[in-house]
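Notes to accompany the following structure.
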2 protein chains.
Amino acid sequence: MSVGGPTGDDLVEMLAALANPIRLRIVAALAGRRDYVSQLARELGVSRPLLHMHLRRLEAAGLITGRLELSDDGKAMKYYEVTDFDLHLTASAVAEAAQTLTRPDPGKGPAPKEST
Amino acid sequence: MSVGGPTGDDLVEMLAALANPIRLRIVAALAGRRDYVSQLARELGVSRPLLHMHLRRLEAAGLITGRLELSDDGKAMKYYEVTDFDLHLTASAVAEAAQTLTRPDPGKGPAPKEST
DNA sequence: TTCACGTGTCATTTTTTACTTACACGTGAA
DNA sequence: TTCACGTGTAAGTAAAAAATGACACGTGAA
């Protein structure tokens, strides 16, 4: 067992979170040093509202975490850092995760016909 | 160097391809045995046009490959099978891949202002 | 010929994501 | 008070992904 296993749904969420250039760069930026929102927005060249959205998606997937801190001059800064995620993706790993998928409920019934 | 590395763009494409319940189940289904389109559609309970779209996305990402074969009774069947992909995702691996991202050209200029 | 089963695509709608703009709130310093 | 800098969110639009339905084509068997 490499991963110890996120459920299929969790895996989809993690993959979807990483499957975006901006979010990939966010994770990359936070890989070394933690950072606060406004500063990160400046570094990546994106607007804060947009960054905020991406940060939420990454945090929801469990790839980063953020906490609010008070700086010396009294400002509330939200610092984000990456978690120790470690995903090993192979065909068999995917096969295992897929067993716990609940999302796409195909109705279990007969597949949609078309011609007859 | 762990991965040997898909470029950032390729990585995004692979992740996007896997970040979907149906496609995850397609890979899972093909993990053991190869299969042809119509049969796979029945097994997964999805329409062929939809499956076709997902197969294309997976194949474009290099996760599966398909080839057309002629069955004994003369029918053209397209068989798909998984490739030997092996993605190891960690914060540092992402950081490395992010360096070769070309997609989200932020214009390189000053970050979008808002208040001032 | 017609049916069953295989292949494929085009057109359209529905649903999500991505993104921008504008706003509101709080605090220390000028 | 006003400015600079931090936080967050709501509203609306643009773009991309997902999904459906209707086609067209080919072949062996009834």
Side-chain angles (χ1 to χ4, degrees), chain A residues 12-13 15-26 34-61 66-80 103-107 109-116, chain B residues 12-13 15-26 34-61 66-80 103-107 109-116:
Chain A
V12 168
E13 189 173 13
L15 292 173
L18 288 175
N20 175 285
I22 292 186
R23 290 196 289 269
L24 217 57
R25 300 200 310 165
I26 291 173
R34 49 178 237 155
D35 209 349
Y36 64 96
V37 184
S38 290
Q39 177 61 21
L40 192 54
R42 278 188 292 265
E43 290 176 10
L44 298 181
V46 300
S47 68
R48 277 191 300 106
L50 180 56
L51 177 61
H52 191 262
M53 164 198 284
H54 288 306
L55 288 173
R56 283 188 47 162
R57 209 136 153 61
L58 286 169
E59 187 168 32
R67 64 166 159 284
L68 205 57
E69 298 181 13
L70 289 178
S71 67
D72 294 350
D73 53 334
K75 286 172 186 160
M77 335 266 288
K78 188 151 195 184
Y79 279 90
Y80 278 94
R103 290 271 230 300
D105 198 311
K113 318 177 67 174
E114 84 182 19
S115 48
T116 302
Chain B
V12 168
E13 188 173 15
L15 292 173
L18 289 175
N20 175 286
I22 292 187
R23 288 196 290 268
L24 216 57
R25 299 201 310 166
I26 291 173
R34 49 179 236 156
D35 208 348
Y36 64 96
V37 184
S38 289
Q39 177 61 20
L40 193 54
R42 279 188 291 265
E43 290 177 10
L44 298 181
V46 299
S47 68
R48 278 191 302 104
L50 180 57
L51 178 61
H52 192 261
M53 165 197 285
H54 287 307
L55 288 173
R56 282 188 47 163
R57 209 137 153 60
L58 285 169
E59 187 168 31
R67 64 167 159 283
L68 205 59
E69 297 180 14
L70 289 178
S71 68
D72 293 352
D73 53 334
K75 286 173 188 160
M77 335 267 286
K78 189 153 195 181
Y79 278 90
Y80 278 93
R103 291 274 230 300
D105 199 310
K113 316 176 67 175
E114 87 182 16
S115 47
T116 302

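Naming convention: chains lettered A, B, ... in sequence-line order (proteins, then strands); numbering from 1 in each chain.
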Just by distance, do the side chain of B:Arg23 and the backbone of B:Ala17 share a donor-acceptor pair under 3.5 Å?
yes

Has A:His52 got a side-chain N or O lying under 4.0 Å from the OP1 or OP2 atom of D:dT7?
no

For B:Ile22 and B:Leu51: C-alpha separation, side-chain torsions, deciding distance, then whether side-chain contact (heavy atoms from CB on, under 4.5 Å) applies.
CA-CA 8 Å; B:Ile22 292 187; B:Leu51 178 61; 5.5 Å; no

In this structure, how many angstroms lie between the P atom of C:dG6 and the CG atom of B:Leu40, rounded?
12 Å

Is the distance from OP1 or OP2 of C:dA18 to the nearest side-chain N or O of A:Asn20 less than 4.0 Å?
yes

So, is A:Tyr36 close to the D:dT7 phosphate, meaning a side-chain N or O under 4.0 Å from OP1 or OP2?
no

For the pair made of OH in A:Tyr79 and P in D:dT7, what is the distance, rounded to whole Å?
9 Å

Is the shortest side-chain N/O distance from B:Arg57 to OP1 or OP2 of D:dA18 below 4.0 Å?
yes

With nearest nucleotide decided by heavy atoms, which residue, A:Ala16 or A:Asp72, maps closer to the 5′ end of DNA chain C?
A:Ala16

Closest to the B:Met53 side chain, choosing from D:dA18, C:dG6, C:dC19
D:dA18

Rounded distance in Å - CD1 (B:Ile22) to C1' (C:dT16)
15 Å

How many whole angstroms separate atom CG of A:Leu55 from atom C1' of C:dA18?
14 Å

Proximal nucleotide (of C:dG28, D:dA10, D:dT7) relative to the A:Pro49 side chain:
D:dA10

Report the nucleotide, chosen from D:dA19, C:dT7, C:dC19, that has the shortest atom-to-atom distance to any side-chain atom of B:Leu50.
D:dA19

Can you spot which of A:Met53, A:His52, A:Glu59, A:His54 makes a side chain to side chain contact (heavy atoms under 4.5 Å, CB included) with A:Arg56?
A:His52

Are A:Arg42 and D:dG6 close enough that a side-chain N or O sits under 4.0 Å from OP1 or OP2?
yes

Apply side-chain contact (heavy atoms from CB on, under 4.5 Å) to residues B:Leu55 and B:Leu40 and explain how you reach the verdict.
CA-CA 10 Å; B:Leu55 288 173; B:Leu40 193 54; 4.3 Å; yes

So does A:His54 get a side-chain nitrogen or oxygen closer than 4.0 Å to the phosphate oxygens (OP1/OP2) of C:dC19?
yes

Would you give the length of the straight line joining atom NZ of B:Lys78 to atom CG of B:Asp35, rounded to the nearest 0.5 angstrom?
14.0 Å

Using whole Å, what does the distance between atom C1' of nucleotide C:dG6 and atom CD of B:Glu43 come to?
16 Å

For A:Arg23 and C:dC19, what is the distance between atoms CZ and C1' respectively, to the nearest whole Å?
12 Å

Would you please confirm or rule out a distance under 4.0 Å between OP1 or OP2 of D:dT7 and any side-chain N or O of A:Ser38?
yes

Does any N or O in the side chain of B:Arg48 come within less than 3.5 Å of the main-chain N or O of B:Ala41, such that one atom is a donor and the other an acceptor?
no

C:dT21 P sits how many Å from A:Leu51 CG, rounded?
16 Å

Go through the steps for B:Asn20 and A:Val12 under the test side-chain contact (heavy atoms from CB on, under 4.5 Å), then give the verdict.
CA-CA 6 Å; B:Asn20 175 286; A:Val12 168; 5.8 Å; no

How does DNA chain D look in dot-bracket notation if pairs are Watson-Crick or G-U with both distances under 3.5 Å, crossing ones as [ ], other-strand ones as |?
||||||||||||||||||||||||||||||

Grab the CG-P distance between B:Leu70 and D:dT27 for me, whole Å please.
10 Å

At less than 4.0 Å, is any side-chain N or O atom of A:Arg48 found next to OP1 or OP2 of D:dC5? Yes or no.
no

Of B:Lys75 and A:Asp73, the one whose closest nucleotide on DNA chain C sits nearer the 5' end is B:Lys75

Nearest to the side chain of A:Lys78, which nucleotide is it out of C:dC19, D:dG8, C:dT21?
D:dG8

Do the charged groups of A:Glu69 and A:Arg34 touch, with an N to O distance under 4.0 Å?
yes

